[in-house]
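Everything below concerns the one structure shown next.
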2 protein chains.
Amino acid sequence: MPSRPDVRSNPRRRHRAAAATIHDVAARAGVSVATVSRVLNGKELVRAETSRHVRAAAKSLRYVPNVAARSLSIRRSQTIGIVLPDVHGEFFSEVIRGIDLAARAQGYHILVSGSHSDPSQMLDVVDTMRGRVDGLVVMAPDVTLAPLDELRARAMPVVLLNSATPNGDAITIDNYGGARAMMRHLHELGHTRIAFVRGPEHNADARERLRGYRHAMRGMAAESSRALECSGDFTEESGFAAGRRLAALNPRPTAVFAANDSMAVGVLASLMAAGVHVPEQMSVVGFDDIPIARYVNPALTTMRVDIAELGRCAFALLLDAISNPAVHAPRHDRVATTLVVRKSCGAPNVRPKQNAQPHRAERILKNGRKRVPEKGEVS
Amino acid sequence: MPSRPDVRSNPRRRHRAAAATIHDVAARAGVSVATVSRVLNGKELVRAETSRHVRAAAKSLRYVPNVAARSLSIRRSQTIGIVLPDVHGEFFSEVIRGIDLAARAQGYHILVSGSHSDPSQMLDVVDTMRGRVDGLVVMAPDVTLAPLDELRARAMPVVLLNSATPNGDAITIDNYGGARAMMRHLHELGHTRIAFVRGPEHNADARERLRGYRHAMRGMAAESSRALECSGDFTEESGFAAGRRLAALNPRPTAVFAANDSMAVGVLASLMAAGVHVPEQMSVVGFDDIPIARYVNPALTTMRVDIAELGRCAFALLLDAISNPAVHAPRHDRVATTLVVRKSCGAPNVRPKQNAQPHRAERILKNGRKRVPEKGEVS
DNA sequence: CCCTCGAATGTAAACGGTTACATTTTGCGG
DNA sequence: CCGCAAAATGTAACCGTTTACATTCGAGGG
């Protein structure tokens with residue numbers, strides 16, 4: 001028995017046409033709001049006929065539930081947050097695409113915030129997302145452990161992407177495995193004197209790639225590899241400088257493994273400037289398979305990282321953490337990389353051909369028509 | 001006089017530590033929830049001392065307002081939606097970056113949804129965003145007018161990006177002006193026989209660029225330009241095919257203007273394959289300034305589009321529409337483009353040098369070290 | 001014909017804020 | 001010391017859902 005009539009029952013909507021509410025639908029269908037809610041969420045028992053009436057009413061009123069009211073009530077927003085640093089555009093968009101696709105399939109929305117330079121700014125953003133999202137995917141490859149722990153204290157499921165990961169949920173590229181696979185490829189071609197161009201000291205990806213390189217060098221029983229390492233910072237310029245230093249080495253390395261593609265492109269340019277022929281005199285390989293890797297001359301052999309897959313995995317992990325907070329056990333998944341063989345490496349110690357010109361023209365043609373040869377290119 | 005005690009007053013929070021609410025803060029500060037709200041939103045008069053107490057209480061409880069409750073109450077989400085087609089990654093991420101930066105500065109969040117192939121899917125997404133966002137930035141360059149009008153009927157501020165725009169708010173690239181500026185550049189170099197590679201028939205950007213080309217050709221009092229137009233669809237392959245046709249023309253055009261950079265890259269590749277030297281025998285220019293434009297050989301002269309600026313403008317316009325729904329008048333803004341002169345065009349009818357090799361090596365070096373020369377490159 | 005029981009539906013209390021309006025304090029002239 | 005307007009604060013309705021609990025309805029058994 002109502003102690004007071006429902007205040008919202010009859011004359012709503014003042015002047016400008018407001019959106020229909022669940023009360024409007026209930027009135028139109030001649031049922032209570034509870035029944036409308038039940039029908040629309042499909043969880044409980046409702047007579048088939050009643051259900052039809054409600055659906056018809058909802059459709060005729062173009063009813064769309066108010067998500068704010070819904071999340072307030074169920075304390076879930078069906079939205080996840082993505083926090084990114086000011087990262088290279090291509091990578092950035094691919095990660096978002098991967099997460100977006102996976103999320104939409106599960107009825108989740110994504111709230112994006114990019115371009116954060118420092119940890120405190122990152123934490124600020126995370127705070128403003130509080131309540132707006134059910135969980136976070138955070139990418140912070142250069143951030144040290146302390147702020148990341150702070151982040152976990154935010155009492156919200158968080159999945160870290162490519163970050164230094166002491167504990168908790170995380171997804172990373174299999175940098176170590178990829179580096180070893182690349183080294184195996186070079187070794188099979190006959191290389192043993194392989195140089196390496198390092199990435200930034202504190203970058204998690206860079207460290208793992210270096211670790212893979214060193215491990216492989218030890219395994220090949222080669223000379224101490226430290227002399228063959230060059231510093232770099234993931235930029236093309238640093239690769240250019242490294243290439244110059246490597247070309248001057250005596251004896252010269254027969255192959256160069258750059259910790260990422262940008263630096264490999266720089267190495268390529270400086271070797272060409274120094275008159276060192278690639279791949280005849282020296283092989284060059286990179287890591288990432290960025291889009292321009294296939295456009296440089298010669299096209300770059302590299303380890304492809306499936307970035308969209310990275311996003312998909314991150315969402316899957318986050319969803320599990322959100323859905324089963326009780327039983328969820330923190331996990332650290334690694335996504336595999338793929339070797340992409342192009343033209344920038346061959347067997348060591350091959351004499352350069354005398355008339356390289358027509359040869360090169362042909363290469364450029366192939367670069368230009370990328371799509372067709374690209375299909376069967378992956379090995 | 002309370003007809004009934006406030007039910008939420010005392011014993012909240014059952015077992016797991018829930019986030020603090022405004023009631024907790026009020027209790028801690030010894031004031032009412034209204035006062036807390038006033039302090040935190042800073043709109044109304046509150047004694048300085050009271051304000052201090054409230055702030056201290058909020059901080060000590062790590063209070064973060066529940067945004068769902070807030071948006072339900074004020075009927076605003078402080079969030080805008082971005083709906084994108086499955087567009088090239090670089091463009092995609094730049095648009096988001098531009099909007100994100102502008103939005104965050106105004107305290108807005110962004111909800112992103114990409115990868116929509118058809119109009120109905122796009123409208124679905126827009127419906128699920130209903131109530132979640134205060135307005136939308138929609139990019140749909142290939143969508144025809146009808147669905148766009150449907151979109152506007154959604155009773156939410158909408159800003160269209162690079163779309164066919166009959167009416168309503170919109171931001172577009174100044175494709176027409178950019179095309180004319182490019183034509184002026186070619187004309188100043190001495191070209192009059194300029195070919196054009198068109199984009200997709202129904203694409204709004206492509207049509208405007210074509211319009212600029214035709215207008216300029218008429219202005220140059222050149223022969224009827226239709227014979228110099230080639231069809232294309234914005235892909236590299238179509239550019240390759242167009243280049244082949246153009247090389248076979250007699251008399252040959254002295255310059256080719258491709259409606260976008262991807263096609264220009266294709267043209268470049270096919271001309272090289274046909275033994276036509278660029279820029280000595282034929283100049284090639286594009287539109288967009290995509291990242292690889294500076295890596296191709298020779299580096300491509302093109303019209304740069306500041307995509308982030310596009311995003312900024314879109315947000316500014318949307319914010320105005322959201323904030324002043326009454327007085328806001330629909331606007332259609334155009335963002336300017338910038339001519340970027342690189343190596344792919346020169347004066348017509350110059351004989352190719354005999355030993356192009358050292359010359360080319362030097363070019364590649366410059367490409368490799370992009371950043372430094374890039375600084376002063378824009379004209 | 002009454003009682004019981006389960007299915008179908010209704011009622012109203014949350015969810016956590018904002019804000020119109022009511023009430024209490026304050027400051028100040030008389 | 002009173003009265004009164006302005007300033008400061010409190011009260012509770014309201015935003016639109018979900019959902020625990022209450023109620024109604026029908027059918028079947030005794």
Side-chain angles (χ1 to χ4, degrees), chain A residues 1-9 11-14 18-27 29-54 58 61 63-78 130-132, chain B residues 1-9 11-14 18-27 29-54 58 61 63-78 130-132:
Chain A
M1 233 155 294
S3 63
R4 196 178 24 153
D6 186 359
V7 280
R8 285 155 305 199
S9 54
R12 296 188 60 263
R13 110 179 22 178
R14 311 282 160 80
T21 74
I22 198 172
H23 290 96
D24 301 324
V25 176
V31 298
S32 73
V33 294
T35 301
V36 176
S37 178
R38 282 192 273 255
V39 169
L40 267 25
N41 293 308
K43 297 293 178 193
E44 298 181 58
L45 292 314
V46 178
R47 250 194 326 162
E49 198 193 328
T50 312
S51 174
R52 272 202 309 281
H53 285 157
V54 171
L61 289 170
Y63 170 69
V64 179
N66 178 312
V67 290
R70 175 167 230 273
S71 22
L72 176 57
S73 191
I74 65 177
R75 329 179 86 183
R76 279 266 218 121
S77 59
Q78 291 287 105
R130 255 263 191 83
R132 220 180 278 268
Chain B
M1 233 154 295
S3 63
R4 198 179 23 154
D6 185 358
V7 281
R8 285 155 306 199
S9 54
R12 296 187 59 263
R13 113 179 18 181
R14 312 281 161 81
T21 75
I22 198 172
H23 290 95
D24 301 324
V25 176
V31 299
S32 74
V33 293
T35 299
V36 175
S37 178
R38 283 191 273 255
V39 169
L40 267 24
N41 293 310
K43 297 292 176 193
E44 299 179 60
L45 294 314
V46 178
R47 251 198 322 167
E49 198 193 328
T50 312
S51 175
R52 272 202 308 281
H53 285 155
V54 170
L61 290 170
Y63 170 69
V64 179
N66 178 314
V67 288
R70 175 165 229 273
S71 2
L72 176 58
S73 191
I74 65 177
R75 325 175 90 177
R76 280 265 219 123
S77 60
Q78 290 287 103
R130 255 264 193 83
R132 223 179 277 266

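Reminder, nothing fancy here: chain letters follow the sequence lines and each chain counts from 1. The structure presented is a predicted model; accordingly, all values stated were derived computationally and were not measured.
Shown here are the side chain to side chain contact (heavy atoms under 4.5 Å, CB included) partners of B:V67, two or more places apart in sequence or in another chain: A:R132. Qualifying side chain to side chain donor-acceptor pair (under 3.5 Å) partners for A:R76, counting only residues two or more places apart in sequence or in other chains: A:Q78, A:Y108. Every residue meeting the side chain to side chain donor-acceptor pair (under 3.5 Å) condition with B:S37, not counting sequence neighbours, appears here in chain and number order: B:N41. Applying the side chain to side chain donor-acceptor pair (under 3.5 Å) rule to A:R38 yields no partners; only residues at least two apart in sequence or on another chain are considered.
Summarising the geometry, the separation between CG on A:N66 and P on D:dC14 is reported as 17 Å, rounded to the nearest angstrom.
An end-to-end axis angle of 60° holds for the helix from C:dC1-D:dG30 to C:dG30-D:dC1, taken from five base pairs per end and rounded to 10°.
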Write down the protein N/O and nucleotide N/O pairs, taken from nucleotides 6-10 of chain D, whose separation is under 3.5 Å; answer none if there are no such pairs.
{"unit_1": "D:dT9", "atom_1": "OP1", "unit_2": "B:R47", "atom_2": "NE", "d": "3.4"}
{"unit_1": "D:dT9", "atom_1": "OP1", "unit_2": "B:T50", "atom_2": "OG1", "d": "2.4"}
{"unit_1": "D:dT9", "atom_1": "OP2", "unit_2": "B:R47", "atom_2": "N", "d": "3.0"}
{"unit_1": "D:dG10", "atom_1": "OP2", "unit_2": "B:S32", "atom_2": "N", "d": "2.7"}
{"unit_1": "D:dG10", "atom_1": "OP2", "unit_2": "B:S32", "atom_2": "OG", "d": "3.0"}
{"unit_1": "D:dG10", "atom_1": "OP2", "unit_2": "B:T35", "atom_2": "OG1", "d": "2.8"}
{"unit_1": "D:dG10", "atom_1": "N7", "unit_2": "B:R38", "atom_2": "NH2", "d": "2.8"}
{"unit_1": "D:dG10", "atom_1": "O6", "unit_2": "B:R38", "atom_2": "NH1", "d": "3.3"}

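We find the OG1-CG distance between A:T21 and A:L61 to be 9.0 Å, quoted to the nearest 0.5 Å.
A sub-4.0 Å separation between OP1 or OP2 of D:dT17 and a side-chain N or O of A:R75 is absent. Close to C:dT18, at under 4.0 Å from its OP1 or OP2, lies a side-chain N or O of B:N41.
Pairing each heavy atom of B:Y63 with each of B:I22, the nearest pair is CE1-N, 3.5 Å. A:A26 and A:S32 make their closest contact through CB-C, 3.7 Å (heavy atoms, listed as atom of the first residue, atom of the second, distance).
Residue-to-nucleotide contacts include a donor-acceptor pair under 3.5 Å from the side chain of B:S73 to the base of C:dG17.
Residue B:S37 places its side chain closer to C:dT19 than to any other of D:dT17, C:dT19, D:dC15.
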